[in-house]
Amino acid sequence: MLTVIQKEQKLSSYSLNAVSAEFLGEQKEDVHHSMIGGLFLESADTRRRLAVYCLKDAYLPMRLMEKLLCMYNYVEMARVTGTPINFLLNRGQMIKVQSQLLRKARECDFVMPTMKSEASNDKFEGATVLDPLTGYYPQPIATLDFASLYPSIMMAHNLCYCTLLKPEQVKDLQPEDYTKTPSGCYFLKSSKRRGLLPMILEELLAARKRAKKAMAEAEDPLTKSVLNGRQLALKVSANSVYGFTGATVGVLPCLDISSSVTAFGRTMIDHTKKMVEEKYCIENGYAHNAQVIYGDTDSVMVKFGVDTVPEAMRLGQEAADLVSATFTKPIKLEFEKVYYPYLLMNKKRYAGLYWTSPEKYDKLDAKGIETVRRDNCGLVRQLVETSLRTILIDGSVPKAIEIAQKAVSDLLQNKIDLSLLVITKSLGRGAHAEDYAVKQAHVELAERMRKRDPTTAPGSGDRVPYVIVSGSKGAKAYERSEDPLFALENNLSIDAQYYIEHQLQLPLLRIFGPIMGDDSKAQSLLFSGAHTRKLHTPTPQGNALAKFVTKSLRCMGCKAIIKAGLLCEHCQKEKAADVVIEQMQEFRQKEEEYNRLWTQCQRCQGSLLEPVICSNRDCEIFYRRAKARKEVQIAQEQLARLKLDW
DNA sequence: GCACTTACCTAC
DNA sequence: TAAGGTAGGTAAGTGC
């Protein structure tokens, strides 16, 4: 489950405790490793406690697996791509494309060449990001998107290994038999020969359509979000087909395909921008000149100049249809949503209220800014989020300023919960300081933690949580980073000034600046004045810091802070553990049901590990014979009777 | 103080 | 060993 969660979810922590809290609203019955020996030896009661801790650690991943519909989604992916489930877990995207390619190749009587690929650094030009006309837009902005741009390009132009032509081959062909791509490569048209990649993409997109439909029909929000995960996984799989052709470290790179795909994409976004701006202008009888204020890869944001959401939607829809008609099938430009109001901060950074129906907005959508980045502390994320909400939804800049000022003042008075000041960054590469060219706060901290206790220090790929504590003047941030728990235990004080100048200031100014139309005014309102004066009666640091303790470090009975374990001495007698055992018995029943469903031999109902055929020799022989004599059909009928979707 | 590089994380 | 792609913003360290 760790592998599954790390692959599928973007979280600040991947500990069993954090993940369970996120998806199940439950936590571990934690016992610090130093206590295990003592608990085991002491008495039956303490051994029971130890057992409960172990059981719950086993129980939580099972619950996660069930809640996230892992089996359903992985079985679906395994079937669609023809890839074993353990490959889906332990390997990357390429194996899926390779499997599909092999399957399709056999179907079409091709063999796949074995390439002796030498590590090359060949790069190719990617997508266009239109220069943004940054600023705050109090009027509706319509967004037009190409649906699955890269896959649809490959399908529309029949791009594949088996349709790529060498320039000298082109001479013998009629012009209507091939396409020349904007990057100067030639491909055979589908009327001559259908490419394998386009066929694969069709299947992936059909599966995605099914998932989207199921998502729309689902009622439970979690099921909905899991099905959303599935359709996104299929989308990534479809995009990976393009990625696969461009992966020079892979088994079958073909940059003629990938660079043709991006080249088509570049011409398409330019064409779209031009067409929209040329059509929707005063000269053509419209009230305003439409303006494409931004666009990235497959999307354009259009300011039609109209004042209401319905008008923007109508024009957006019309424009999308108009542009779509100029492209080969299945390329399609879709009108998706209107942003109103819209704050465009920079390339790949914007926020706005997201409307898909004229009655009311769906949500506040934010891209690229601090609220969606895991390497910011909670305070910044929270403050940026509430500021945006207050400004975009309530329309009140003064109220937003008040909130921001309060945060600055709280920070200086040590009133901010330490958990909100924790920054996390992932430890890349070898995870040792010497592997890096420049010193960084989280890397240096990991190094120091390794010296303190090598068993618990973060390793390669882990996310390192840290806070910045006060230190000597002029000390670099990497010298003042500290493990939050260590800071708590040793009563280290937080460097409020650092958090103001290096965490809050610029993100807030980037929001308030464009909205107030004046950077220096925003600067002086937020970061100088009465609220920035540090009160002379500093709160004892212990109190402020003590707020930051994960739940697993609190007694389950009275919530007192304890170093490790389930219950403080005071509550030791309480039987909180019984609850866990009860829950587990309930789960046990579900598990049995689940086992029945998945692990019975289709012929003799014997048990087996993989849901195909058990190790009973007779069954195995039966199965192989059936297959050998092309009696698969019989097996399929049997399956159908058992209502299993083959 | 400034330009440049590196690392991280995101958008698509 | 196995590893989808490129574009791009931002913060902080480094070197002049």
Side-chain angles (χ1 to χ4, degrees), chain A residues 7 10 12 81 87 90-98 100-101 117 119 122-132 134 143 145-151 154 232-233 235-255 257-263 265-266 269 294-301 344-350 365-377 380 423-429 433 435-444 461 463-464 468 475-481 498 501-507 509-510:
Chain A
K7 271 190 178 235
K10 284 194 173 175
S12 298
T81 62
F87 278 16
N90 300 323
R91 300 183 55 178
Q93 296 290 333
M94 301 222 305
I95 191 65
K96 290 196 272 184
V97 183
Q98 201 183 338
Q100 292 172 90
L101 202 49
S117 71
D122 279 1
K123 282 281 164 63
F124 58 93
E125 192 181 340
T128 302
V129 182
L130 299 177
D131 279 329
T134 59
T143 312
D145 281 68
F146 284 103
S148 299
L149 178 68
Y150 287 180
M154 295 177 83
L232 284 175
K235 181 184 176 171
V236 171
S237 300
N239 276 328
S240 303
V241 174
Y242 144 78
F244 179 87
T245 65
T248 48
V249 288
V251 290
L252 207 59
C254 180
L255 298 196
I257 297 177
S258 41
S259 62
S260 292
V261 171
T262 54
R266 290 194 298 274
I269 193 172
Y294 179 55
D296 185 345
T297 311
D298 64 351
S299 67
V300 286
M301 273 63 164
L344 178 52
M345 313 219 296
N346 212 336
K347 281 185 176 179
K348 299 191 188 282
R349 290 169 67 87
Y350 58 83
D365 196 27
K367 290 290 162 74
I369 58 177
E370 287 72 17
T371 52
V372 297
R373 290 183 65 95
R374 293 178 294 175
D375 54 353
N376 281 278
C377 69
V380 173
I423 301 164
T424 75
K425 279 192 178 155
S426 71
L427 206 48
R429 309 223 267 219
D435 297 325
Y436 287 86
V438 290
K439 295 190 167 178
Q440 293 182 95
H442 64 298
V443 180
E444 297 299 309
R463 296 192 67 84
V464 185
I468 299 294
K476 300 274 190 196
Y478 62 78
E479 296 170 303
R480 292 180 289 133
S481 56
Y498 170 85
E501 283 170 19
H502 294 270
Q503 296 290 127
L504 291 181
Q505 194 159 5
L506 290 173
L509 285 181
R510 280 194 292 263

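Per chain, numbering begins at 1; letters A, B, ... match sequence-line order. Worth saying up front: this structure is predicted, and the values here are computed from it rather than measured.
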Spacing of Leu427(A) atom CG relative to dC8(B) atom P, expressed in whole Å: 8 Å
Without swapping roles, check the side chain of His442(A) against the backbone of Ser426(A) for a donor-acceptor pair under 3.5 Å. yes
Find the distance Asn376(A):CG to dA12(C):C1' and express it as a whole number of Å. 14 Å
Between CZ of Arg266(A) and C1' of dC12(B) the distance, given in whole Å, is 15 Å
Rounded to whole Å, NZ of Lys425(A) lies from C1' of dG13(C) at a distance of 11 Å
Residues passing the side chain to side chain contact (heavy atoms under 4.5 Å, CB included) test with Val97(A), sequence neighbours excluded, are Ser240(A), Val241(A), Phe244(A)
Angle by which the axis turns from one end of the helix from dG1(B)-dC16(C) to dC12(B)-dG5(C) to the other, five pairs per end, to 10 degrees: 10°
Please confirm whether the shortest side-chain N or O distance from His442(A) to OP1 or OP2 of dA7(B) is below 4.0 Å. no
Ile257(A) vs Met154(A) side-chain heavy atoms within contact, under 4.5 Å: yes
Would a 4.5 Å heavy-atom cut-off, applied to side chains only, mark Lys476(A) and Lys439(A) as touching? no
Are the side chains of Gln98(A) and Ile95(A) in contact, using a 4.5 Å heavy-atom criterion? yes
Gap in Å between the two P atoms, one belonging to dC12(B) and one to dG4(C), rounded: 22 Å
Atom pair distance, as rounded to whole Å: OH in Tyr436(A) and C1' in dA12(C): 14 Å
Within a 6.0 Å radius of atom NZ on Lys235(A), are there more than 12 heavy atoms belonging to other residues, nucleotides or ligands? no
Base, sugar-phosphate or nothing for Tyr350(A)? Non-hydrogen atoms, less than 4.0 Å. sugar-phosphate
Pairing residues for Ser258(A) by the side chain to side chain donor-acceptor pair (under 3.5 Å) criterion, not counting sequence neighbours: none
Output yes when at least one side-chain N/O atom of His502(A) is less than 4.0 Å from OP1 or OP2 of dA11(C), else no. no
Atom pairs, protein N/O to nucleotides 6-10 of chain C N/O, distance under 3.5 Å:
residue : atom : partner   : partner atom : Å
dT6(C)  : O3'  : Gly126(A) : N            : 2.9
dA7(C)  : OP1  : Gly126(A) : N            : 3.1
dG8(C)  : OP1  : Lys347(A) : NZ           : 3.0
dG9(C)  : N2   : Arg373(A) : NH2          : 3.2
dT10(C) : OP1  : Arg349(A) : NE           : 3.1
dT10(C) : OP2  : Asn346(A) : ND2          : 3.2

Side-chain N or O of Gln440(A) less than 4.0 angstrom from OP1 or OP2 on dA12(C)? no
Between the protein and nucleotides 14-16 of chain C, which nitrogen or oxygen pairs are less than 3.5 angstrom apart?
none

Determine whether more than 12 heavy atoms belonging to other residues, nucleotides or ligands lie under 6.0 Å from atom NZ of Lys7(A). yes
Have a look at Tyr498(A) and say if it touches a base, only the backbone sugar-phosphate, or nothing, with a 4.0 Å heavy-atom cut-off. sugar-phosphate
Hey, does Arg266(A) have a side-chain heavy atom less than 4.5 Å from the side chain of Glu125(A)? yes
Taking 4.0 Å as the cut-off, does a side-chain nitrogen or oxygen of Arg374(A) come that near to OP1 or OP2 on dC8(B)? no
Heavy atoms only, 4.0 Å cut-off, all strands: where does Val97(A) land among base, sugar-phosphate and nothing? nothing
Picking from dA3(C), dG4(C), dC12(B), the nucleotide nearest the side-chain atoms of Val249(A) would be dA3(C)
Whole angstrom is fine here: how far is it from CD1 in Ile369(A) over to P in dA11(C)? 13 Å
Lys10(A) atom NZ is separated from dC12(B) atom P, nearest whole Å, by 12 Å
Rounded to whole Å, please give me the gap between CG in Leu255(A) and C1' in dG4(C). 13 Å
Which of the following nucleotides, dC12(B), dG4(C), dA11(B), is nearest to the side chain of Asp298(A)? dC12(B)
All heavy atoms of Ser481(A) vs all of Ala441(A), minimum pair found to be OG-O, 2.9 Å
Is any side-chain heavy atom of Lys425(A) closer than 4.5 Å to one of Val464(A)? no
Taking the side chain as everything from C-beta on, heavy atoms only, tell me whether Glu370(A) gets closer than 4.5 Å to Arg349(A). yes
Kindly write out the residues that satisfy ring-ring contact (aromatic ring centres under 6.0 Å, His included) with Phe124(A), not counting sequence neighbours, or none if the list is empty. none
